[in-house]
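Beneath this line is the structure, given in structure tokens, with notes to follow.
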Amino acid sequence: MTMSNHLEHSFFNRPVLEVAEDLIGARLIKDGRELTITELEAYDGPSDLACHASKGCTERTRVMYGAAGVFYVYLCYGMYWMLNIVTGPAGYPAALLIRGAGDISGPGKLTKALGIDGSYNNRPADPKTGLYFTPPETRPHKKLIQTTPRIGVSYAGPVWANKPYRYLLTAG
DNA sequence: TAAGTGATCTCT
DNA sequence: GAGATCACTTAA
């Protein structure tokens, strides 16, 4: 039978923190390779000073203002591609940064290991793209999801830098 | 702890 | 066009 139960627009078209909780433990699939998502960071709208879109809609951030379920991929520090998935309704810029999957820890290492680069920017998460998500077979117990402040966003000021928007799947 | 690296954004 | 910034990683 065909396995096409991938997560799509309706799953991602919700508040980013809700999506984050449900996406932890789900699978990231890249050209047949399947990895459990273990670490995410949420970036929630124009008022979130750590979110790129807090500085407004530009050429680079425009994808976050678009439809949910589309990838936002950008280059950081001149060498590392960051893989994000857009969430929430069109017009509200929010996304989840995928920081870890399988036994890969670190957003730059993840994209390098999976061969993800800027060509995936603005593409929907879909089997046709070769990069998409499927739900976990069994949803991880909430006790196994831990939240902490996000990494590397001290420039956003104490309020936003301390928000518990980093989601981790703890070993169970 | 520091440096490598290049796109993007904000000034001129 | 110039300069600052940056959701990282690795080697010490």
Side-chain angles (χ1 to χ4, degrees), chain A residues 7 12-26 28 30 33 35-125 129 131-133 145-170:
Chain A
L7 301 173
F12 295 104
N13 192 23
R14 295 182 290 150
V16 66
L17 301 184
E18 262 182 50
V19 179
E21 242 181 42
D22 291 345
L23 199 58
I24 283 283
L28 174 67
K30 167 68 168 49
R33 200 166 159 189
L35 299 170
T36 301
I37 295 170
T38 56
E39 187 176 349
L40 296 168
E41 274 178 10
Y43 292 85
D44 189 14
S47 57
D48 178 355
L49 296 181
C51 181
H52 288 166
S54 65
K55 298 193 182 103
C57 183
T58 67
E59 186 71 25
R60 177 209 200 190
T61 61
R62 197 175 55 224
V63 58
M64 276 201 280
Y65 289 79
V70 172
F71 290 113
Y72 168 41
V73 184
Y74 71 93
L75 187 66
C76 188
Y77 300 110
M79 337 181 181
Y80 301 105
W81 293 104
M82 300 288 115
L83 176 65
N84 300 248
I85 184 77
V86 175
T87 69
Y92 185 83
L96 288 168
L97 168 67
I98 299 164
R99 296 186 54 93
D103 45 17
I104 305 166
S105 176
K109 284 198 265 188
L110 178 74
T111 52
K112 190 177 174 194
L114 294 180
I116 294 165
D117 62 19
S119 67
Y120 284 88
N121 190 42
N122 221 348
R123 289 166 71 174
T129 312
L131 183 62
Y132 61 101
F133 304 92
I145 301 177
Q146 189 184 346
T147 60
T148 78
R150 293 171 291 187
I151 303 297
V153 297
S154 55
Y155 65 89
V159 172
W160 289 99
N162 289 325
K163 294 268 187 193
Y165 283 2
R166 178 173 174 234
Y167 290 74
L168 294 155
L169 180 63
T170 61

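Naming: A, B, ... by sequence-line order, numbering from 1 per chain.
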With heavy atoms under 4.0 Å as the rule, sort [X] into base, sugar-phosphate or nothing.
X: A/Gly118; result: nothing
X: A/Met79; result: base
X: A/Arg60; result: sugar-phosphate

How close or far is atom [atom2] of [N] from atom [atom1] of [X], stated in whole angstroms?
X: A/Met64; N: B/dT8; atom1: CE; atom2: P; answer: 13 Å
X: A/Tyr77; N: B/dT8; atom1: OH; atom2: C1'; answer: 14 Å
X: A/Met82; N: B/dA7; atom1: CE; atom2: P; answer: 15 Å
X: A/Asp44; N: C/dA7; atom1: CG; atom2: P; answer: 17 Å
X: A/Tyr80; N: B/dG4; atom1: OH; atom2: P; answer: 13 Å
X: A/Lys112; N: C/dT10; atom1: NZ; atom2: C1'; answer: 10 Å
X: A/Arg150; N: C/dC8; atom1: CZ; atom2: C1'; answer: 16 Å
X: A/Trp81; N: B/dT5; atom1: CH2; atom2: P; answer: 16 Å

Discussion item. Among B/dG4, B/dC9, C/dA7, which nucleotide has an atom closest to any side-chain atom of A/Val153?
Written reply: C/dA7
Worksheet item: Considering only B/dT8, B/dG4, B/dG6, which nucleotide approaches the side chain of A/Leu75 most closely?
Response: B/dG6
Item to complete: Could you grab the distance from atom CG of A/Leu17 to atom CG of A/Asp22, nearest 0.5 Å is fine?
Response: 11.5 Å
Indicate whether OP1 or OP2 belonging to [N] is found under 4.0 Å from a side-chain N or O atom of [X].
X: A/Tyr155; N: C/dA7; value: yes
X: A/Lys109; N: C/dT10; value: yes
X: A/Arg166; N: C/dA7; value: no

Worksheet item: With both distances under 3.5 angstrom, what nucleotide forms a Watson-Crick or G-U wobble pair with B/dG6?
Response: C/dC6
Worksheet item: Is a side-chain N or O of A/Arg166 found less than 3.5 angstrom from the main chain of A/Glu39, in a donor-acceptor match?
Response: no
Worksheet item: Is the backbone N or O of A/Gly100 less than 3.5 Å from a side-chain atom of A/Thr38, with the two atoms forming a donor-acceptor pair by type?
Response: yes
Fill in: Aromatic-base stack, A/Tyr43 on C/dA7, cutoff 5.5 Å, angle under 30
yes
Worksheet entry | Electrostatic pair A/Lys163-A/Asp48, nearest N-O below 4.0 angstrom | no
Worksheet item: Do A/Arg99 and A/Glu41 meet the salt-bridge criterion of a basic N to acidic O distance under 4.0 Å?
Response: yes
Practice prompt. Please state whether the base of B/dA7 and the side chain of A/Tyr74 form at least one donor-acceptor pair under 3.5 Å?
Written response: no
